[in-house]
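Beneath this line is the structure, given in structure tokens, with notes to follow.
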Amino acid sequence: MKNYDHKKIEGKWQKEWEKKKIYNAQNKLKGKKFYGLIEFPYPSGDGLHVGHPRPYIGMDIISRKRRMEGYNVLYPIGWDAFGLPTENYAIKTGIAPEKVTKKNSDNFRRQIKSLAVSFDWSREVNTTDPAYYKWTQWIFLQFFKKGLAYKTKTVINWCPKDKIGLANEEVINGCCERCGTLTEKREKEQWMLAITKYADRLDKDLDTVDYLPQVKTQQRNWIGKSEGSEIEFKITDSELGIKVFTTRADTIFGATYVILAPEHTLVESLKSKVKNWDEVEKYIALAKKKDELTRTAADKEKTGVELKGVEAINPANGEKVSVWVADYALVNYGTGAVMAVPAHDERDFAFATKYKLPIKQVIAPMFESGEGHPDKPVAGKPVIERDVAYAIIKHWSEDKYLALKWKQVDHWTSLVMGGIDTGEDAVSAMKREVSEETGFTDFKKAYDLQFEVHSKFYQHQKGENRYAKAQTIVIELGSGAQNNVDEEELKKHEPLWIEKNKMEDFLVHGNHKLSWNKYLGKIGAYTEGGVLINSGQFNGLSSQEVKKNITEFVGGKMVTKFKLRDWVFSRQRYWGEPIPLVNCEKCGWVPVPEKELPLKLPKVKSYQPTDTGESPLSAITSWVNTKCPKCKGKAKRETDTMPNWAGSSWYYLRYTDPKNKKEFASKKNLKYWTPVDWYNGGMEHTTLHLLYSRFWHKFLYDLKLVPTSEPYKKRTSHGLILAEGGEKMSKSRGNVVNPDDIVKTYGADTLRLYEMFLGPFDQAVVWSTESMIGSRRFIEKVWRLGEKVMSAKAKTSSKEIERLLHKAIKKVTEDIEIMGFNTAISSMMICVNEMEKAESLSVKDFKLFLQIVAPFIPHVAEELWREMGEKKSIHLSKWPKYDPKKIVDDTFTLVIQVNSKVRAEATVPVSLSEKEAEEIAKNHPMIQSWIAGKTIRKIIYVKNKLVNIVAA
RNA sequence: GCCCGAGUGGCGAAAUUGGUAUACGCGCGAGACUUAAAAUUUCGUGGUCGUAAGACCGUGUGGGUUCGAUUCCCACCUCGGGCACCA
């Protein structure tokens, strides 16, 4: 018996597979296909660490299974090789980026190949290859021709360290995504791609794809679709008006001032009217200077300045409101102006409180027999509307509050409350009620909290439905001076002094709790929906249904806004695709003619970006100065390059036809291969690469250049592999585990199996080289088992083994589909453990086992398969089917419970009837003592599982 | 603050139309083989009490629904991820 030696078999089979091209996609565009995709790597100088291959191996297992299921499989790889690290390396060393890229990708290729990932290497692409980026440039020109690529002066996020403009997506907490440096704002002419034109479709079409729910939510979040109203507030004595965007048109009667973003162009146009212009100008200058981080810090105190002398008119009620400039209004969202409704918006509330601006409640919370409320309104009974009030009564010396405990109803407690008579105001009404019900007379202070709460309920004693509109009144007692309280009142309820911090638990009604929390200041603005009050003709309507009507009433219109901004597509860098446009004095921006593509990167002496923010290309005058393709006059080339998201936005299309010189891919190939059936990648690319590529794809679809509107049918994610301390693996932390070392000592099969066994595929897991031994042991067991089976030459297997084997086939078949690799492996381990012990295991059955384990440990499976006389690769064999008859158990363990506690077990045949099971249970000796002297109330029977005797 | 996910032995983790909690693996303990070690292999391995049979407790915490809850509901705590003045 020869021992398992991974070194002897892994290289051998890798060469054989490559020679026979068994993993290459077949060029015949016929039959069922499977296109599996992983995110192509950036070939960094550090090489692969053990975290990189996790997604490759996962998708490899799926691809291998698909091949065995008879699919024509496309599982490609390439290099996303434009990018900063290579360029920075070039700056430091002077070595050309092409050379570095070549070296790094050669190393990556070698490493990946050593893991036997079944990529089709004949379709390898490289984004930095001119034959590839010719088409990246070509697609960009299509955007340009359709007016979706435009150059504009914008405020961009600028990283002072990398000297590069960043898209919003690349700014994390105000810092550069790559280097962590705090970004600055800079004004610059930049090429933009109009992704916002596709915002709605990018959002809506998520319904048509099978993505992880988190991916969909994150994309939706990022796109930030929000439906609302655009409404104009006219400025008095002026032709001008302020257009605001709001999702809460229902609160417009409560709009007590208007806010403009500091960058809003209207501010300048109002200059002549503004009396405090100096102050305003200063504020604006300050706001512009602030960097992203300090300006958007959530806990930052709000600031602003009033435009004195400017007044706007609330179109709902005609009231004059003040106009302010404040940086909590953002210029690039909505209209850059906000109608402030402090009573119903947290931010406006904070601002209004600080600057003492009026706060007007226009939405009353509505309690409709909800939680902690009296009975539901009864249909058919009359509804009596009543004005009422609650009193929050503070003790004269202690930190206690007065509340009522109702005597006729259990667990009923409330604030002191009562009706308001006609002509009476709420404060006097409550003073009257309080003295009647509690006897207290010394009211030091009594005021209206200005918080109205509505409720609907059924009043038992009166037999009628009530609609109560309650005011919240606060009364502070000066002393305990008290009159006698009427006997009748005392029979109804008992007044109790409750400590402040116990009050919320003491009160049972949701509306009382709400008023109490408003009093405490726990609720600033009431931001939920409710019933309109103080809103003229709209009073009594619900905030949900009234939005459209109110918008029309004030002459506004319903609109949809997005958080998504257009994509900054320019980079002032060398190592990227040159933007193929020339600027002609006469003709403006003119595309480089298609036949001149690719527009290659010229050789430069220095890769250093300039401090002025121009790319190193601008220094090469012989390249920059050119002729206009249109008029042949003098022209200059664009010196900006594309961001590295460009090449990755369409690479999956190129894989279908990677050598095509006439098109980015032929229609025929695209039609057969796309969409990608299954795309696995990192969550970190959800709002960047994934969204960008969906955008490009939709654009190409509109040009009828791709056959589907979505590029990827299904999207899953893998978790990170963390270093042993639970930290991220990185060269700088010095905790990187190199797969080369693992392959050398344990073998590629062990590494593959271990990575898949570590834990759930989509979760982060901690690497442990110590635990790897388990996977190696499993492989050795399989190996020994193979040797044993071959020498024994059994014709049949024992029944138990057959059952376990077919169960494993079922489990593995199903689990691979849901990326449950760890549980699939577990079932194979169980199977092997039993096969080891088994007296008889047939060659035929063992070969079935080899087939299901083959996607996980391809070398060992192939070696044993061939030794058993097979001439063709196991990876081209047909995926086994389990036999449903063979997985049926004859017996099962019947669990017998008494009062839901397991007291006994019995091995019984599966054909057992309910009656028989009950008999077995009752007569079981272990059970007798538990039910002795008790009455059996109930017997619960769960087929093939348990009997539960409920006895007392 | 808001949204999403998670919390189970010493460790990685299984198990959900509600039905034996801890499969599988690592580690650990004891035995076999061996001159010895490694490798391999057999048995054991949630906690407490008990000589034992066994009993009780146990899936982040506190409640609830149920004959029965890791699974469903409510409240809370902790960790991870995303968003963050988006009107």
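Just so it is clear, the model here is predicted, and its values are computed rather than measured. Throughout, protein chains are lettered first and strands after them, A, B, ... in sequence-line order, and every chain is numbered starting at 1.
Within the 4.0 Å cut-off from OP1 or OP2 of B:C57, at least one side-chain nitrogen or oxygen of A:K901 is found. Under 4.0 angstrom from either OP1 or OP2 of B:A87 there lies no side-chain N or O belonging to A:Y328.
In this structure, A:K216 places its NZ atom 17 Å from C1' of B:C3, rounding to the nearest Å. Protein atom NZ of A:K837 is 11 Å distant from nucleotide atom C1' of B:C43, rounded to whole Å. Distance A:K243 NZ to B:A87 P: 18 Å, rounded to the nearest Å. Taking atom CZ of A:R777 as the reference point, atom C1' of B:A39 lies 9 Å away to the nearest angstrom.
Among residues two or more places apart in sequence or in another chain, the salt bridge (charged side-chain N to carboxylate O under 4.0 Å, His left out) test is passed with A:K810 by A:E814. In this view, A:Y333 and A:S226 satisfy the side-chain hydrogen bond (donor to acceptor under 3.5 Å, both in side chains) rule, not counting sequence neighbours.
The side chain to side chain donor-acceptor pair (under 3.5 Å) contacts involving residues 820-832 of chain A comprise A:D815-A:T823, where partners must be two or more places apart or lie in separate chains. Legend: salt bridge (Lys or Arg N to Asp or Glu O under 4.0 Å) pairs involving residues 818-835 of chain A, not counting sequence neighbours, sorted by first then second residue: A:E834-A:K837. Every pair passing side chain to side chain donor-acceptor pair (under 3.5 Å) that includes a residue from residues 242-256 of chain A is listed here, sequence neighbours excluded: A:R248-A:D250. Counting only residues at least two apart or in different chains, side chain to side chain donor-acceptor pair (under 3.5 Å) contacts with residues 936-952 of chain A comprise A:S900-A:N948.
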State the dot-bracket string of RNA chain B. Criteria: Watson-Crick or G-U wobble, both atom distances under 3.5 angstrom; notation: ( ) intrastrand, [ ] crossing earlier pairs, | interstrand, . unpaired. (((((((..(((......[....)))((((((.......))))))((((....))))..(((((..]....))))))))))))....
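Looking only at side-chain heavy atoms (C-beta outward), A:Q219 and A:L202 stay at 4.5 Å or farther from each other.
At least one cation-pi condition fails for A:K225 and A:F562: the charged atom is not both under 6.0 angstrom from the six-membered ring centre and inside a 45 degree cone around its axis. Cation-pi check for A:R784 over A:Y4 is not met; the charged atom does not lie both under 6.0 angstrom from the ring centroid and within 45 degrees of its normal.
Across residues 247-258 of chain A, A:T247, A:R248 each have a non-hydrogen atom less than 4.0 Å from an atom of RNA chain B (numbered order).
If you check every strand for non-hydrogen atoms under 4.0 Å, A:E346 touches nothing. Backbone-only engagement by A:E836 is indicated by non-hydrogen atom pairs under 4.0 Å involving sugar-phosphate atoms exclusively.
Between the side chains of A:E916 and A:S913, at least one donor-acceptor pair of N or O atoms lies under 3.5 Å. Between the side chains of A:N735 and A:K728, no donor-acceptor pair is found at a separation under 3.5 Å.
Under 4.0 Å is where a charged nitrogen must lie from a carboxylate oxygen, and between A:D889 and A:K807 at least one such pair does.
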Expected string for nucleotides 8-15 of chain B under the B/S/- scheme (protein heavy atoms, under 4.0 Å, primed atoms plus P, OP1, OP2 as sugar-phosphate) is ----BSS-
What string of B, S and - do you get for nucleotides 76-83 of chain B, 5' to 3', if B is base contact, S is sugar-phosphate-only contact and - is no contact with any protein heavy atom under 4.0 Å? ------SS
For a quick test of your reading: what N or O donor-acceptor pairs under 3.5 Å do the side chains of residues 763-774 of chain A make, sequence neighbours left out?
from: A:W767; atom 1: NE1; to: A:T769; atom 2: OG1; distance (Å): 2.8
from: A:S768; atom 1: OG; to: A:S771; atom 2: N; distance (Å): 3.2
from: A:S768; atom 1: OG; to: A:S771; atom 2: OG; distance (Å): 3.0

Are there any protein N/O atoms within less than 3.5 Å of an N/O atom in nucleotides 50-55 of chain B, and if so, which ones and at what distance?
none

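In the set B:C85, B:C26, B:G25, the nucleotide with an atom closest to the side chain of A:K302 is B:C85.
In this entry the base of B:G62 is anti relative to its sugar, with a glycosidic angle more than 90° from 0.
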